[in-house]
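Encoded as structure tokens, the structure appears first; notes follow it.
In the text below, chain A, chain B and the rest are named by the order of the sequence lines, each starting its count at 1.
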There are 2 protein chains.
Amino acid sequence: MIQSVDRSLKILEYLKEHPKGLGITEIANRLGVAKSTAHRLVMTLEEHGYIKQMQEKSVYRLGLKFLEMSNIVVDQLNIVELAHPIMEKISNQTDKISHLVMLDDSHVIYIDKVETPSAVRIYSQLGKRAPIYCTGVGKAIAAYFDEAQLTRYLSENSFHKFTKNTYTEEKEFRHELERINRNGYSIDNEEHEEGIRCVAVPIFDHLNSVNYSVSITGTSVQMTDQHIQEYLPLLKKSATEISSLLGFAQ
Amino acid sequence: MIQSVDRSLKILEYLKEHPKGLGITEIANRLGVAKSTAHRLVMTLEEHGYIKQMQEKSVYRLGLKFLEMSNIVVDQLNIVELAHPIMEKISNQTDKISHLVMLDDSHVIYIDKVETPSAVRIYSQLGKRAPIYCTGVGKAIAAYFDEAQLTRYLSENSFHKFTKNTYTEEKEFRHELERINRNGYSIDNEEHEEGIRCVAVPIFDHLNSVNYSVSITGTSVQMTDQHIQEYLPLLKKSATEISSLLGFAQ
DNA sequence: AGTAGTTGTTCCTTATTGTGTAACCGCTTT
DNA sequence: AAAGCGGTTACACAATAAGGAACAACTACT
């Protein structure tokens, strides 16, 4: 651990906790170093744009450089890469297919899946689009829509009755979303395809918004309510892991 | 300028330019120091969360710490908070992307944006820096530079011809700024990217100075001169609103 | 108005601290 | 099996960052 670098990063920490800014003397006191030392550290950080001196002088704040950097970080948060090993664990422990989907307007897109050798092959394709209203993964995301998003979705999409369980009434669908939001998970009870059930949970990103979800899928024989309750803790824990890899704090 | 701190920040810069990550040896080579030195610097940065080692080992990337820090920075830029609802109105009424930018030396930084679900996705990133001379938002601000600022800007920056419409002659550029100053709005006529046009207006703060601007962006098909004239009253009114929220008295 | 007490900033000498050399470990390749 | 590639650790030396003191600019109080 290099002392001067460590000190400079501590300065950033202090400024983070004091958004109104700190002066050189305050910084020096907190660090327990001479003013001149603090000054040199601050100058170096300022040179690189990580902190900036306010025009009223005498206070320093965090600089815009962090915006630039965080942007790069967000870009390289490739969710598939991060989520894949976690999904492998899910599939290994449950011996079921796990899916990762992404919100795309009024649909979800399957962006990753993990199969297990012994799991029954269920037709699913990466890149496939599926409706929101009749899939576990879709509903898990929609449960976190705000009112404007939801009304817009409902007005622009009609509900096709794929199976006898498909929700087609707005009122019932809204109830279902509320229930999902309360429970933190959604179930697709053969609403899209006869004989296929799945359980899905939302993934939160660094902005606290839900654009992805992850699910476990199987035939209705493999996925009784009992099975689902058994898998839920693992699935929820996994989603939390993925969320925190995406920078979701708290 | 403290050498070790400077080096550590240079490492962050290298990692920014290599989102796929860099190894210790590569970092050491770029810095022109011994592997052990690079390693110690990297360790210190990692300790604080600014970089992280990937599980496949052997490469380091920027860490999530930047997300955390950038949130603080955004918070203290309360203009974003103030302007956001107004920008939402703009986007809703025009069904186009709106951007808020801030002057930063010889560039502008995108500090907020509002997209609409149906608007064509245009590549734009929060935190991105863009040149002043070839963007609508940049020119809207530069039009209010005083003579000293402008000559300084012109002497320190060269104009790269991104497209056939990019201004590269000082004389023409000065004329353009005068025109913008007279009219109160600027147009980016595919000067930065082919096929993208935008219209931007300046925002005044409590000191009557212009450090921000707000814009509407779209493809050249969506943003004909006619569209721009149609959107202008809304955009100007919105900028006035934001200005007064910042304490601009007039 | 003058003075005492802030602040940030600069200079210079010293020894603390960061540096490079070299060896080491774990891995893949030949 | 050994050579080559990565990252990691140990250590002696001297370059470099640290601290003290003095400065300038500013505010507040007498």
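Under the ring-ring contact (aromatic ring centres under 6.0 Å, His included) criterion, F145(B) pairs with no residue at all, not counting sequence neighbours.
Distances shown here put a side-chain N or O of Q53(A) below 4.0 Å from the OP1 or OP2 atom of dT9(C). Not one side-chain nitrogen or oxygen of Y60(A) sits closer than 4.0 Å to the OP1 or OP2 atom of dT7(C). Close to dG8(C), at under 4.0 Å from its OP1 or OP2, lies no side-chain N or O of H39(A).
Separating the CD1 atom of I24(B) from the C1' atom of dC5(D) is a distance of 15 Å, rounded to the nearest angstrom. In this entry the distance linking CD of E26(B) with P of dC5(D) reads 14 Å, nearest Å. Remark: P of dG7(D) and CD1 of I11(B) are 12 Å apart, rounded to the nearest angstrom.
Here the side chain of S186(B) pairs a donor or acceptor atom with the backbone of G136(B) at under 3.5 angstrom.
Salt bridge status for E13(B) with K10(B): absent, with no side-chain N to carboxylate O gap under 4.0 Å.
The two residues S8(B) and L45(B) have their closest heavy-atom pair at O-CD1, 3.5 Å.
The aromatic ring centres of F204(B) and Y212(B) sit 6.0 Å or more apart.
The one candidate from F173(B), Y133(B), F159(B) that meets the side-chain contact (heavy atoms from CB on, under 4.5 Å) condition with T166(B) is Y133(B).
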Exercise for the section: Do nucleotides 18-26 of chain C as a string where each nucleotide becomes B, S or -: B if the base has a protein heavy atom under 4.0 Å, S if just the sugar-phosphate does, - if no protein is that close. Expected result: SBBB-----
